[in-house]
Protein chains: 2
Amino acid sequence: MPYSDKYWQKEEILPRRELEEIQLKRLKWVAKHAYENVPFYRKAFKEKGVHPDDIRTLDDVARLPFTNKNHLIENYPFGLFAVPKDEIVRIHTSSGTTGKPKVVGYTARDLENWINLCARCLYMVGIRKKDVFQNMVSYTLFTGGLGFHYAAERIGAMVVPSGTGNTKRQIQFMLDFGTTAIHCTPSYALHIKEVAESMNIDPSEIGLRIGCFGAEPWSESLRRKLEDSFGLKAYDSYGLSEMNGPGVAFECEEQNGLHIWIDHYLVEVVDPESGEVLSEGEKGELVLTPLTKEALPLIRYRTGDITYIMDDECSCGRTHPKIHRILGRTDDMLIVRGINIFPSQIEHVLMKIPEVGDSYQIVLTKRGALDEMTVRVEVKDEFFTGELADLERLKKKIENALREELGIRVNVELVEKGTLERFEGKAKRILDLRR
Amino acid sequence: MPYSDKYWQKEEILPRRELEEIQLKRLKWVAKHAYENVPFYRKAFKEKGVHPDDIRTLDDVARLPFTNKNHLIENYPFGLFAVPKDEIVRIHTSSGTTGKPKVVGYTARDLENWINLCARCLYMVGIRKKDVFQNMVSYTLFTGGLGFHYAAERIGAMVVPSGTGNTKRQIQFMLDFGTTAIHCTPSYALHIKEVAESMNIDPSEIGLRIGCFGAEPWSESLRRKLEDSFGLKAYDSYGLSEMNGPGVAFECEEQNGLHIWIDHYLVEVVDPESGEVLSEGEKGELVLTPLTKEALPLIRYRTGDITYIMDDECSCGRTHPKIHRILGRTDDMLIVRGINIFPSQIEHVLMKIPEVGDSYQIVLTKRGALDEMTVRVEVKDEFFTGELADLERLKKKIENALREELGIRVNVELVEKGTLERFEGKAKRILDLRR
């Protein structure tokens with residue numbers, strides 16, 4: 001049962017001071033839980049010369065050791081679990097195409113918390129009992145599918161667990177079932193738009209009200225494009241399997257930053273190099289400590305995601321702080337001729353140029369000792385006139401816009417619509433041929 | 001919480017008389033529910049000259065109209081739903097490769113009933129909190145995946161929602177996670193055996209205790225082969241999406257017939273041609289009336305599955321009658337030179353012959369006006385010696401065994417292991433080239 005017409009749980013609007021009291025109590029619990037039940041943490045705490053009893057304030061979290069994805073992989077499969085195996089009711093894994101995946105586990109209570117956190121997100125953007133929610137991401141081991149599936153079902157929406165693939169059938173189902181809300185990657189949403197158009201269906205006639213998009217970074221300009229095409233409101237979803245999955249942070253109707261549920265996740269932003277804690281507003285790596293996870297209490301987990309905390313009051317009434325949409329990944333960051341570049345910056349520039357189509361690719365090569373960056377850009381059909389002078393002008397326009405944003409020279413190569421590979425999961429847009 | 005160490009719910013062992021009282025009460029409810037809320041049924045009842053109030057005994061079910069899969073398809077997508085759309089929390093569809101699929105819906109209470117019915121089945125064969133349950137069927141729109149997923153989770157087993165495909169990784173997960181119970185099609189289980197052997201892993205060393213196999217008909221001989229290879233106990237699972245999905249009937253540890261949960265499904269067996277109700281022990285088409293389904297109360301649904309009721313007391317203590325494992329489908333039944341043949345009969349013969357490998361195919365052709373049946377059979381490597389005389393002897397042996405079982409002459413063609421296509425879902429073993 002929802003707490004009210006507007007909020008799924010009452011914790012969403014607790015005064016910040018109360019939230020912080022909850023956080024401190026839970027931080028003490030989780031540190032003790034990890035220390036007592038996971039040999040890895042007992043050792044790591046001892047090496048840092050810290051004991052769970054040393055936690056007196058929330059700032060004391062900075063005294064605890066970090067966890068990173070290699071620790072998970074080195075302890076594959078269950079080495080960081082803090083409960084006996086028979087208390088685990090669910091396993092998920094990272095997609096890890098090569099080598100050992102990251103394995104995460106859940107107790108029944110972890111699942112219950114996770115369902116409610118995901119339901120907070122979906123309810124926040126207006127998904128209700130009357131909605132038809134088509135969940136177009138991979139089910140099975142990926143957390144994105146089952147995570148929102150359970151949550152939408154809990155809210156009482158009609159869940160269409162259609163998974164990935166067969167885009168024409170997905171569109172047919174939307175029309176036949178009266179789908180009002182969708183969940184997929186933003187690149188798949190763009191693909192749906194293209195396929196609908198190829199079927200002579202105007203995407204805005206499908207009847208979608210709400211789009212929940214996650215699992216890859218995307219831009220404000222892509223949001224506008226999706227909203228304009230489908231006539232929906234598009235919301236950014238953030239999560240990672242190490243923190244249950246989706247449901248860590250999500251945009252509210254303001255669409256300006258993602259509320260992060262601090263009664264379940266303690267948030268820090270650190271310098272990715274030094275690990276030093278940064279202040280509100282400073283960009284750095286998001287570090288999360290789950291405060292309620294029984295199965296897998298990962299202390300100060302290095303997410304690898306770059307963002308910053310935007311802690312101002314929100315008109316939606318929720319008291320949980322917001323993070324800026326993810327700017328990039330510490331390991332996605334491209335260093336080109338010594339300059340740090342996030343692919344999202346490039347996407348942002350491209351999406352502002354009306355002639356640019358729905359797909360692009362970044363190719364990095366070496367010319368002698370120097371890095372060369374080429375951006376391959378699809379041009380919309382109506383602008384692909386075959387007039388060389390027009391194309392040359394467009395190429396120059398994009399090159400100038402990119403140089404202005406990035407501070408370095410970039411080559412642009414224009415290609416016809418449909419030339420570049422489409423992705424149903426996370427888009428792979430970077431081709432680094434420098435080694 | 002389970003009812004006891006042995007039974008998931010107390011309804012499993014209610015005296016038959018009490019079960020029948022429940023059935024009658026529920027039959028009256030479901031007939032009324034369908035009549036009042038589904039125009040299709042109001043019309044069909046009127047055409048049969050029957051009214052829900054006419055139901056006084058369980059035998060009165062025979063006065064009600066049948067439903068078949070075409071009725072579902074003609075009323076695509078929601079025409080047979082008996083509740084408003086906003087009460088539906090889940091949609092599943094049949095795989096329907098061409099044309100419109102069958103769409104089924106669930107209220108929150110339907111889901112709750114379904115989870116418990118599936119949990120009865122898994123608990124019946126010994127799956128407990130301590131087990132690791134690897135669910136190797138398709139998730140998303142197919143009912144088999146989510147159906148048992150929720151149930152195993154409810155029991156508290158560690159659920160590995162690994163879905164289909166990537167067999168080597170499936171086997172690696174079994175070893176790494178300590179999987180003790182699996183759910184998949186029997187043909188996929190055979191495929192796992194072959195892949196494990198190709199990885200130099202003895203299937204019996206994997207540690208599996210329990211195999212739940214469904215979604216296609218299989219034989220006693222295949223059961224023995226799977227049990228011997230993996231060192232597990234193999235159980236037959238029966239269900240169909242029109243009756244929620246899996247969890248309609250399931251074998252108990254006796255492995256002699258499938259208990260069908262008659263407090264939720266009223267069972268009849270009818271003559272597939274005349275529709276006349278047959279007696280206990282007589283083979284015919286299974287007809288089910290769901291007694292508790294709110295969303296989709298399909299009255300006297302023609303399953304198309306051929307079986308019979310084996311209503312003797314069971315040593316397991318459950319009071320629900322058993323049906324024989326499915327003998328075939330009314331629409332699978334092959335008519336070859338005027339003789340009715342079920343593919344399961346052929347499988348049964350083949351699996352008893354030690355030289356026969358893991359796959360076979362039935363090819364039907366015409367020679368002039370006459371039907372010709374050829375069975376292509378994979379021979380185990382160790383018997384594929386290249387000695388023509390040996391192969392000829394084996395061919396004759398299989399041909400004789402098939403003629404004895406089927407009463408008609410059959411050609412056998414021997415092929416090497418690995419020649420025939422493998423299937424991860426339902427096996428497609430019949431190639432009918434007669435038209």
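Computed over heavy atoms, backbone and side chain alike; hydrogens, waters and symmetry mates excluded. A, B, ... follow the sequence lines: proteins, then strands. Residue 1 opens every chain.
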Nearest heavy-atom pair of [X] and [Y]: which atoms, and what distance?
X      : Y      : answer
B/F78  : A/D176 : CE1-O, 4.4 Å
B/P161 : A/I91  : CD-O, 3.0 Å
B/R169 : A/L141 : NH2-CD1, 3.5 Å

[atom1]-[atom2] distance between [X] and [Y], expressed to the nearest 0.5 angstrom:
X      : Y      : atom1 : atom2 : value
B/K85  : A/D131 : NZ    : CG    : 9.5 Å
B/R90  : A/E153 : CZ    : CD    : 4.0 Å
B/I88  : A/F177 : CD1   : CZ    : 11.5 Å
A/L146 : B/L146 : CG    : CG    : 6.5 Å

Counting only heavy atoms not in [X], do more than 12 fall under 6.0 Å of its [atom1]?
X      : atom1 : answer
B/R109 : CZ    : no
B/K168 : NZ    : no
B/N70  : CG    : yes

What residue in B/K130, B/K129, B/R128 has the most heavy-atom pairs under 4.5 Å with chain A?
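Ranked by heavy-atom pairs under 4.5 Å with chain A, first place is B/K129.
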
Looking only at heavy atoms and a cut-off of under 4.5 Å, which of B/G145, B/G163, B/A152, B/S162 has the most pairs with chain A?
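Going by pairs under 4.5 Å, I would pick B/S162.
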
Heavy atoms only, distances under 4.5 angstrom: which of A/V160, A/I155, A/T140 has the most pairs with chain B? Name it, please.
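The answer is A/T140.
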
Shorter than 4.5 Å, heavy atoms on both sides: which option in A/G178, A/G105, A/A157 has the most such pairs with chain B?
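If we count pairs closer than 4.5 Å to chain B, A/A157 comes out on top.
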
Does any backbone or side-chain atom of B/T93 lie under 4.5 Å from a heavy atom of chain A? Answer side chain, backbone, both or neither.
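Side chain of B/T93 only, per the 4.5 Å heavy-atom cut-off to chain A.
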
Please classify the contact between B/A108 and chain A as side chain, backbone, both or neither, with a heavy-atom cut-off of under 4.5 Å.
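Neither part.
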
Determine the interplanar angle of the A/H149 and B/Y150 rings, folded into 0 to 90°, and report it as parallel if under 30°, tilted if 30 to 60°, perpendicular if over 60°.
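Ring orientation, 0 to 90° scale: perpendicular.
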
